[in-house]
K.L.:
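Supplied in structure tokens, the structure appears directly below.
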Amino acid sequence: MRKKVVVGNWKMNLLRDDAGHRIGQLKELIGAKCGTECDVEIGICPTFLSLATAVDASRGSLIGIGAQDVFWKESGAFTGFLSASMIEDAGAKYVLIGHSERRGRFGKLEVPESTLGFFAETNETVNLKLKAVLGSSLVPIVCIGENLSEREAGDTDRVIGEQMAGAIEEVDASDLARVIFAYEPVWAIGTGKVCDSVEANRVCGVVRQCLPESVRDVIRIQYGGSVSPANAQELFSQPEIDGGLVGGASLKPEDFMQVIVAASSV
Ligand code: 13P
């Protein structure tokens, strides 16, 4: 039985005080509901600058803190980047890799076309980042998902297959066991258009088939894209869906708590 894992991705939101305050609120809610043990693993990924504050605020709770990106080099002349060991050093547990908003595939494209190269994550850079993170104690959360035109062209499974093959190339099956994958259809992110639970379950099954047989049954696969208190239970009760990567709803501790409870009750 895979333990459900629910992680909030706060994206580019909240200053440090507010981040710390909301972690404190969530800590209280979790404590009141679950005490010191919970059958759901819980994480929050604030901005890099709020990592230390969030780690402090989460002490003594069941909340693990994560970063939203990482660079694959250990150190050196890489202005503006952070290595896995720096994120580890900040006290983090998780790190997101290959989020669609870093692959230049914003759900709501609000940036000029000419700036898209800035978000130029590829399957190859995802692979480099995954390998670097697996050399640390961090738990990688690797994001994959098709965009709307790929879905409409009937290309979903091919895109997922390519993203998965690229991400895990040359990674040992034994290392993969601690990786979490997050299926996030780009068209469902921040749009309120959640993927139908049966279809989300089917694609999570496709993701699972891309994994080596020896670890296929132990690896957790989350769904992400407009997860809310209203739809979480339906999604998490699907057999291939092992929890959620939650954007907007994770910013409100009460809503995020309801999503956690939904994962716990299925
Ligand atoms: P929303 O839950 O806001 O759609 O965001 C999903 C997401 O991108 C999480 O990484």
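Just so you know, ligand 1 is whichever comes first in the structure, and atom 1 is the first atom listed for that ligand. Quantities reported herein were computed from a predicted structural model and do not represent experimental measurements.
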K.L.:
Using a 4.0 Å heavy-atom threshold (strictly under), name the region of Asn9 that reaches ligand 1: side chain, backbone, both or neither.
P.N.:
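Asn9 to ligand 1: side-chain contact only, backbone stays beyond 4.0 Å.
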K.L.:
Run down the list Gly244, Gly247, Gly190, Gly192 and name the one with the heavy atom closest to atom 4 (O) of ligand 1.
P.N.:
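The nearest heavy atom belongs to Gly190.
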K.L.:
Could you grab the distance from atom OG of Ser83 to atom CH2 of Trp72, nearest 0.5 Å is fine?
P.N.:
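Going from the OG atom of Ser83 to the CH2 atom of Trp72 covers 13.0 Å.
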K.L.:
With heavy atoms of Ser226 as the reference, note each atom of ligand 1 found under 4.0 Å away.
P.N.:
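That gives atoms 1 (P), 2 (O), 4 (O) of ligand 1.
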K.L.:
Grab the two heavy atoms, one from Leu235 and one from Ala200, that are nearest each other, plus how far apart they are.
P.N.:
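Of all heavy-atom pairs spanning Leu235 and Ala200, the closest is CD2-CB, 4.2 Å.
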K.L.:
Of the options Arg220, Lys3, Arg2, which is the one that meets Asp242 in a salt bridge (charged side-chain N to carboxylate O under 4.0 Å, His left out)?
P.N.:
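Between Asp242 and the candidates, salt bridge (charged side-chain N to carboxylate O under 4.0 Å, His left out) is satisfied uniquely by Arg2.
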K.L.:
Heavy-atom contacts with Lys11 under 4.0 Å: which atoms of ligand 1 show up? List them by number with element.
P.N.:
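Those atoms are 5 (O), 6 (C), 7 (C), 8 (O).
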K.L.:
Can you list the atoms of ligand 1 that are under 4.0 Å from a heavy atom of His99?
P.N.:
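So the atoms of ligand 1 that pass are 7 (C), 8 (O), 9 (C), 10 (O).
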K.L.:
Between Arg151 and Asp155, does a salt bridge (charged side-chain N to carboxylate O under 4.0 Å, His left out) hold up when you go through it step by step?
P.N.:
CA-CA 6 Å; Arg151 171 155 286 265; Asp155 266 351; over 6 Å; no
K.L.:
With a 3.5 Å cut-off and no angle check, do the side chains of Gln68 and Tyr94 form a donor-acceptor pair?
P.N.:
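Looking only at side-chain atoms, Tyr94 and Gln68 do not form any donor-acceptor pair under 3.5 Å.
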K.L.:
Should Ala249 be listed as contacting ligand 1, given a heavy-atom distance under 4.0 Å as the test?
P.N.:
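Ala249 does not count as a contact of ligand 1 under the 4.0 Å cut-off.
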K.L.:
Enumerate the atoms of ligand 1 whose separation from the nearest heavy atom of Glu184 is less than 4.0 angstrom.
P.N.:
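Taking each heavy atom of Glu184 in turn, ligand 1 has 6 (C), 7 (C), 8 (O), 9 (C), 10 (O) under 4.0 Å.
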K.L.:
Donor-acceptor pair, distance only, cut-off 3.5 Å: does the side chain of Asn201 make one with the backbone of Glu240?
P.N.:
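Checking the backbone N and O of Glu240 against the side chain of Asn201, a donor-acceptor pair under 3.5 Å is found.
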K.L.:
Checking side-chain polar atoms at under 3.5 Å, does Glu121 have a donor or acceptor matched by the opposite partner on His99?
P.N.:
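The answer is no; no qualifying pair exists.
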K.L.:
So is Thr191 polar-close to ligand 1, meaning N/O to N/O under 3.5 Å?
P.N.:
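In fact, backbone or side chain, Thr191 has no N or O that close.
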K.L.:
Relative to the heavy atoms of Gly248, which atoms of ligand 1 are at a distance of less than 4.0 Å?
P.N.:
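Reading through ligand 1 atom by atom, the close ones are 1 (P), 2 (O), 3 (O).
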K.L.:
Please could you name the atoms of ligand 1 that Gly225 approaches to less than 4.0 Å, counting only its heavy atoms?
P.N.:
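Ligand 1 atoms under the 4.0 Å threshold to Gly225: 4 (O), 6 (C).
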K.L.:
Using a 4.0 Å heavy-atom threshold (strictly under), name the region of Ala182 that reaches ligand 1: side chain, backbone, both or neither.
P.N.:
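Ala182 to ligand 1: no contact under 4.0 Å from either part.
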K.L.:
With distance as the sole criterion, is a donor-acceptor pair present between the side chains of Gln163 and Tyr183 under 3.5 Å?
P.N.:
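Absent: no donor and acceptor within the cut-off.
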K.L.:
With a cut-off of 4.0 Å, which atoms of ligand 1 are near a heavy atom of Ala188?
P.N.:
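Matching atoms, with element in brackets: 4 (O).
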